[in-house]
Protein chains: 2
Amino acid sequence: MKNPFDHLDKMLEHRLRLQIMSVLVTNDVFDFNSLKEVLGVTDGNLASHIKALEKEKYLSVTKTFVDRKPNTKYKITERGRTAFKKHVDALEAVVKQTK
Amino acid sequence: MKNPFDHLDKMLEHRLRLQIMSVLVTNDVFDFNSLKEVLGVTDGNLASHIKALEKEKYLSVTKTFVDRKPNTKYKITERGRTAFKKHVDALEAVVKQTK
DNA sequence: CGAAAGTACTTTGAATTACAAAGTTACTCA
DNA sequence: TGAGTAACTTTGTAATTCAAAGTACTTTCG
């Protein structure tokens with residue numbers, strides 16, 4: 001790879017969004033509150049980053065009721081998985097380049 | 001490492017600043033114009049990111065004249081090298097965690 | 001039934017950050 | 001003297017980020 005920095009994904013350069021995606025890439029589905037707990041952020045802040053990822057079609061949303069309470073689940077899309085992989089590969093190349 | 005995301009360095013999450021540091025970590029010294037050429041950014045933008053890294057004491061500056069022209073050289077500091085290593089290690093851990 | 005509480009937002013507002021473009025300083029060369 | 005180069009600094013604008021407050025919908029409690 002010529003310049004791995006060129007393959008970094010703007011959307012995934014943000015710590016929170018990368019973390020959301022890394023949770024989703026390994027967990028298949030994850031709900032709003034668990035994500036909020038794991039990341040330790042306010043719900044509004046989390047919602048806005050999730051929305052950014054959803055807008056980019058990196059994840060999909062399913063709203064259901066669990067125990068009579070609303071429960072929103074997120075799932076990574078194929079597009080999201082590809083983008084994540086590309087970004088992580090670029091990171092890996094950056095790391096290798098400098099070690 | 002429990003959560004590698006906690007070890008990411010805010011200063012180095014920006015693409016340009018990470019790239020500047022990665023050039024300096026492998027090149028020992030590098031001047032302003034070469035950096036500008038490598039990164040393909042405007043001089044003003046580059047100067048402001050360098051200033052941020054300098055303020056954080058991640059690099060040091062030496063001004064000389066070469067061929068009767070001003071020449072500013074940058075060198076990574078020990079502190080900068082340590083911070084860079086820590087950040088890259090965290091990145092590596094993130095990558096490993098998700099592969 | 002009405003009030004309180006939980007989930008998952010949306011909106012608001014303020015602070016920070018990023019960037020291009022223009023201006024500046026200092027020096028050199030024709 | 002006038003143009004040119006290096007390395008900024010300043011300016012102004014746009015984008016980003018975040019906490020906090022507000023909202024919609026639903027369930028549970030008294």
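Lettering follows sequence order; numbering is per chain, from 1.
When heavy atoms are screened at a 4.0 angstrom cut-off, A:Arg15 is found touching no nucleic acid atom at all. The residue A:Lys51 sits close only to the backbone: its heavy atoms come under 4.0 Å of sugar-phosphate atoms, none of a base. Among the protein residues, B:Lys63 comes within range of the sugar-phosphate backbone only, with heavy atoms under 4.0 Å from sugar or phosphate atoms but none that close to a base.
With DNA chain C read from its 5' end, the first of the two nearest nucleotides for A:Ala47 and A:Lys69 is the one closest to A:Lys69. Where B:Phe32 and A:Arg68 meet DNA chain D, the nucleotide closest to each residue was compared, and B:Phe32 sits on the side nearer the 5' end.
A sub-4.0 Å separation between OP1 or OP2 of D:dC8 and a side-chain N or O of B:Tyr74 is present. Side-chain nitrogen and oxygen atoms of B:Asn33 include at least one within less than 4.0 Å of the OP1 or OP2 phosphate oxygen of D:dA7.
The backbone N or O of B:Lys57 lies less than 3.5 Å from a partner atom in the side chain of B:Thr77, making a donor-acceptor pair. Side chain of B:His87 to backbone of B:Asp9: a donor-acceptor contact under 3.5 angstrom is found. The backbone N or O of A:Phe5 sits less than 3.5 Å from a side-chain atom of B:Arg15, completing a donor-acceptor pair.
A donor-acceptor contact under 3.5 angstrom links the side chains of B:Asp31 and B:Ser34, judged on distance only. The closest side-chain donor-acceptor pair between A:Asn71 and A:Lys69, if any, does not fall under 3.5 angstrom.
The nearest whole Å value for the distance from the CG atom in B:Leu59 to the P atom in D:dA7 is 14 Å. For the pair A:Arg17 CZ and D:dT17 C1', the interatomic distance rounds to 9 Å; values are reported in whole Å. Between the CD atom of A:Glu13 and the C1' atom of C:dT17 there is a distance of 14 Å, rounded to whole Å. Between the C1' atom of C:dT11 and the CG atom of A:Leu46 lies a distance of 17 Å, rounded to the nearest Å. The separation between B:Lys36 atom NZ and D:dC8 atom P is 11 Å, rounded to whole Å. Straight-line distance from the CD atom of B:Glu56 to the P atom of C:dT17: 11 Å, rounded to whole Å. As rounded to whole Å, 15 Å separates atom P of C:dA18 from atom CD of B:Gln19.
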Between the protein and nucleotides 18-25 of chain D, list the N/O to N/O atom pairs that are separated by less than 3.5 angstrom.
residue, atom, partner, partner atom, Å
D:dC18, OP2, A:His14, NE2, 3.4
D:dC18, OP2, A:His49, NE2, 2.8
D:dC18, O5', A:Asn45, ND2, 3.4
D:dA19, OP2, A:Thr42, OG1, 3.0
D:dA19, OP2, A:Asn45, ND2, 3.3

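Between B:Arg17 and the options B:Glu56, B:His49, B:Lys10, a side chain to side chain contact (heavy atoms under 4.5 Å, CB included) holds for only B:His49. Between A:Ser60 and the choices A:Lys73, A:Arg79, A:Glu54, A:Lys75, the side chain to side chain contact (heavy atoms under 4.5 Å, CB included) rule is met once, by A:Lys75.
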